[in-house]
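Accompanying notes for the structure given below.
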Amino acid sequence: MTDSTPFNDTVEAARTGGDVEQPYAELGLRDDEYRRIREILGRRPTDAELAMYSVMWSEHCSYKSSKVHLRYFGETTTDEMKRNLLAGIGENAGVIDVGDGNAVTFKVESHNHPSYVEPYQGAATGVGGIVRDIMAMGARPVAVMDQLRFGPADAPDTQRVLPGVVAGVGGYGNSLGLPNIGGETVFDASYAGNPLVNALCVGTLRSEDLKLAFASGEGNRVILFGSRTGLDGIGGVSVLASDTFEDGAERKLPAVQVGDPFAEKVLIECCLELYAADVVVGIQDLGGAGLSCATAELAAAGDGGMHVVLDNVHLRAEGMTAAEILSSESQERMMAVVTPDNVDAFMEICARWDVTASDIGEVTGGTNLVIEHRGEIVVDAPPGSMADDGPVYDRPWEVPADQAALNAEPALDRPATADDLRRTVLDLAASPALCSRAAITEQYDRYVRGNTVLAKDADAGVLRVDEETGRGIAVATDASGRYTRLDPETGARLALAEAYRNVAVTGATPVAVSNCLNFGSPEDPGVMWQFRNAVHGLADGCAELGIPVTGGNVSFYNQTGDEPILPTPVIAVLGTIDDVATRIPQQVPAGEFDLVLAGALTRDELGGSIWQQVAHDTLAGMPPGVDLDDEKRLAAALSALRGTVAAAHDLSEGGLSQGLVELAVQSGQGLTVNPMLALDRSVTGTEGEQAFTGLFSETATRVLLAVTPGRRDAVLDTLREHHIDGVWVGRTGTVDATGEPELRISTNAVPDPDRGFDDRASRNGDGVEFALPLAELRSAWEGTLPRLFSHAVGANSVVE
């Protein structure tokens, strides 16, 4: 505190100093929360204690509005689901045993608000923070992914935010030498003013090398190592950076952290050597709430108290108060608990990597977290009251007033002629909703470290984790705010199903889930209804699939004014594969192959669809249904088909139409398809109307397979054995009269066991037929983002 502070900011003064007015409301604390802090302490809090409670009891750190619902994950997780779970909910990241002594850790977190304020650093430090979560488990980070959401692609603010965010994700991840193996970029008006930047990291370790966050063993030392602590990031998870907190001080405190990926790269290698030397008892990364969180959580998880001396913290700014030191979110910092006899070895390893390390305290036999600054005690509090026993709110929830009207089936004109259908295929492919993201993803390094098996143009990223056996993992992330707005429970299940299916189409077996739940204000009963139902949909869905939720993140208050974002539960699914050499490719090789649509038959399901968004700029109706038992059977069938099918591609947003566009363009192959062949019996109407449904419906649980003709019957037999429908709907290798590849849609084309897939049958000439040259498709699909962001995407000036 400065000399102008009206009271002496020590615990002793707080015990005797009477009723001094404190700016708790400016720090985000409610009246009753402040009263509870005083009851816990038996006195008024010091400035440092008030700072710690405000950040530890913030929504970001305490989950005070979500805990009551998140408990449902534990209630629905069975022992069988946890059989390979080494660390789960409550740890820095989930850890799964993947066999042969190998383990994998993964987690996804948000950095939404900082990325709007300062896009480059917000996104960069979001990547840095999730990487440190993985490091804290004793793992080597091996890959990252990102889930990004922005306002309309042509909106001025999107033009500002997107280039900086993309540059931040790529700049930090590329500098760390971590491949970016996938993700998603979505545009919707609801995210204008509140973009979502969710980052995932995956790491590998030997099972016996798992590390956990706890401070145990009286006399053990507490060591802070990594970058120096400064004034950046104060207020990152609360409103600490308020003028009133310093009684009129004019210091400007940036709320967005500043990252240094090269410092983090060195920190990674330093941590791995510390783990190999077995000199770490417990470890915690410093992310949200900085030292406040690290000290409180380590002490709360341990078997005693902790004494910390802030004068020993290595700083990069002069005159920092205890509250500022404790609440700074400066990046690239870790905290370890080390036995006294290992301190010298710990310090030597840090020095070898030129990583600054400071012995700042010790584990005590007491019960409180005691923090000293400038020779006086400024914090003396039970750490559990900060880390574990914060407020829990069972906030009111109710169906939004407009929900019934939103779910009413809209009367929308549907294209039915060949020309209109042709134009619709192109319009969807060229729309910001579905166009190629290459202009974004080409800024990321996908193959550094040499273990990336699939990343570009793939439904899931695939990595090799054991070079001797070829054992690998597949990871996919998905979400649909549109579906979740229409029906939160079904929307969450659909996001889970799509991520699960994207892993399955590689031939991998899905084994675990992480999540990042992005919603509006929890003080809005309609938002809490969305959140509750989405959590229940995800938890019940995981129970049906038999895979555990290993951890996650909740991000509330995502809204502009009174308008919340679309409820956006981002779901990450991790899968395992015994040999990555047997994975199923997504692109079709040269030659002629039969196309088989495997999974559910196509129903008329266009509520919340991309066609609805692009053609009518609306959101209405009900989302597609999803049967997770069918998803399990389809995944098992795909695993059994490794080595039998030439390629597999999930069908989701944009339906069969977009799946065909991507398959054709990415493979450089022409295709002929009859979209009516895989329709459910419930779909009726003219051939044009049925063709429309077959092309643009977003029925779940569908995968397009490319099969050599000689193996087609065996593939159909395998699908039947797994109780999965399989329909021969087309073939590859289609060219026009000049020999150029084209996508040909024909309701006259029929499969013939003797002649192959015959598109010459006319059936009286009353069918629907049209063709799209591959060059035209490529131009439509690939040209949109470069045109919209030519001023920034890929340019060196993007971070300026």
Side-chain angles (χ1 to χ4, degrees), residues 106-111 114-115 118-135 139-148 150 161-185 195 197-204 226-227 256-272 285 287 331-332 353 436-458 460-465 473 475 477 572 785-786 789 792-800:
F106 76 128
K107 189 180 182 183
V108 56
E109 280 197 340
S110 64
H111 224 225
S115 299
E118 211 299 292
Y120 183 90
Q121 291 295 349
T125 54
V127 173
I130 194 64
V131 167
R132 289 193 304 280
D133 278 333
I134 296 307
M135 292 162 56
R140 173 181 285 282
V142 293
V144 294
M145 301 178 80
D146 58 275
Q147 273 270 350
L148 310 178
F150 304 99
V161 175
L162 182 145
V165 165
V166 171
V169 170
Y172 207 99
N174 292 352
S175 298
L176 287 180
L178 295 177
N180 189 313
I181 59 172
E184 193 174 40
T185 301
V197 177
N198 291 185
L200 176 144
C201 186
V202 58
T204 59
S227 295
V256 179
Q257 309 94 322
V258 178
D260 180 350
F262 300 105
E264 182 133 326
K265 174 60 177 171
V266 173
L267 189 60
I268 291 172
E269 302 304 327
C270 179
C271 282
L272 291 170
D285 73 297
Q331 297 291 284
E332 293 88 38
W353 287 101
S436 170
R437 271 44 177 167
I440 292 172
T441 59
E442 289 297 334
Q443 297 187 59
Y444 307 148
D445 192 332
R446 292 185 290 265
Y447 299 102
V448 64
R449 296 186 56 81
N451 282 318
T452 303
V453 179
L454 288 177
K456 183 178 180 180
D457 297 333
V462 177
L463 285 175
R464 181 186 302 105
V465 299
I473 58 171
V475 188
T477 59
L785 288 191
F789 296 96
V793 173
N796 292 330
S797 62
V798 74
V799 302
E800 296 177 359

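Since the model is a prediction, treat every value here as computed from it, not as a measurement.
Atoms CG and OG1, on Leu463 and Thr204 in that order, are 9.0 Å from each other to the nearest 0.5 Å. Distance check, rounded to the nearest 0.5 Å: CD1 of Ile181 to OH of Tyr447 gives 10.5 Å. Going from atom OG of Ser436 over to atom CG of Asp457 covers 7.0 Å, rounded to the nearest 0.5 Å. Separating the CE atom in Met135 from the CD atom in Glu269 is a distance of 9.0 Å, to the nearest 0.5 Å.
Across Ile130, Asn198, Val127, a single residue satisfies side chain to side chain contact (heavy atoms under 4.5 Å, CB included) together with Glu109, and that is Ile130.
When all heavy atoms are compared, the tightest approach of Pro179 to Gly177 is CD-O, 4.0 Å. Here the shortest heavy-atom pairing between Ile134 and Val202 reads CG2-C, 4.3 Å. A pairwise comparison of heavy atoms in Thr452 and Ala455 identifies CG2-CB, 3.7 Å as the closest pair. The two residues Leu178 and Ala143 make their nearest non-hydrogen contact at CD2-N, 4.2 Å. Residues Thr477 and Ala572 come closest through the heavy atom pair CG2-CB, 3.7 Å. Nearest heavy-atom pair, Gly122 versus His111, reported as atom, atom and distance to 0.1 Å: O-ND1, 2.6 Å.
Leu785 places a side-chain heavy atom less than 4.5 Å from the side chain of Ile440. A heavy-atom distance below 4.5 Å is found between the side chains of Val131 and Ile268.
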Review point. When you look at Val475 and Met145, which way does the side-chain contact (heavy atoms from CB on, under 4.5 Å) test go after all the steps?
Key: CA-CA 9 Å; Val475 188; Met145 301 178 80; 3.5 Å; yes
Check your understanding: Going through the distances and angles, do Leu200 and Val144 end up as a side-chain contact (heavy atoms from CB on, under 4.5 Å)?
Key -> CA-CA 5 Å; Leu200 176 144; Val144 294; over 6 Å; no
Review point. Checking side-chain contact (heavy atoms from CB on, under 4.5 Å) for the pair Val166/Asp146: CA distance, chi angles, key distance, verdict?
Key: CA-CA 10 Å; Val166 171; Asp146 58 275; over 6 Å; no
Practice item. Start with the C-alpha gap between Thr125 and Gln331, add the side-chain angles, then the distance that decides, and say whether side-chain hydrogen bond (donor to acceptor under 3.5 Å, both in side chains) holds. Key: CA-CA 7 Å; Thr125 54; Gln331 297 291 284; 4.7 Å; no
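The main-chain N or O of Pro114 is never found under 3.5 Å from a side-chain atom of Glu118 such that the two would form a donor-acceptor pair.
Classification of Glu332 and Lys265 as a salt-bridged pair fails, no side-chain N sitting under 4.0 Å from a carboxylate O.
For residues 439-450, the set of pairs meeting the salt bridge (Lys or Arg N to Asp or Glu O under 4.0 Å) definition, not counting sequence neighbours, comprises Glu442-Arg446, Glu442-Lys456.
In this structure, the side-chain hydrogen bond (donor to acceptor under 3.5 Å, both in side chains) partners of Asn451, at least two apart in sequence or on a different chain, are Arg464. For Glu264, the salt bridge (charged side-chain N to carboxylate O under 4.0 Å, His left out) partners at least two apart in sequence or on another chain are Arg132.
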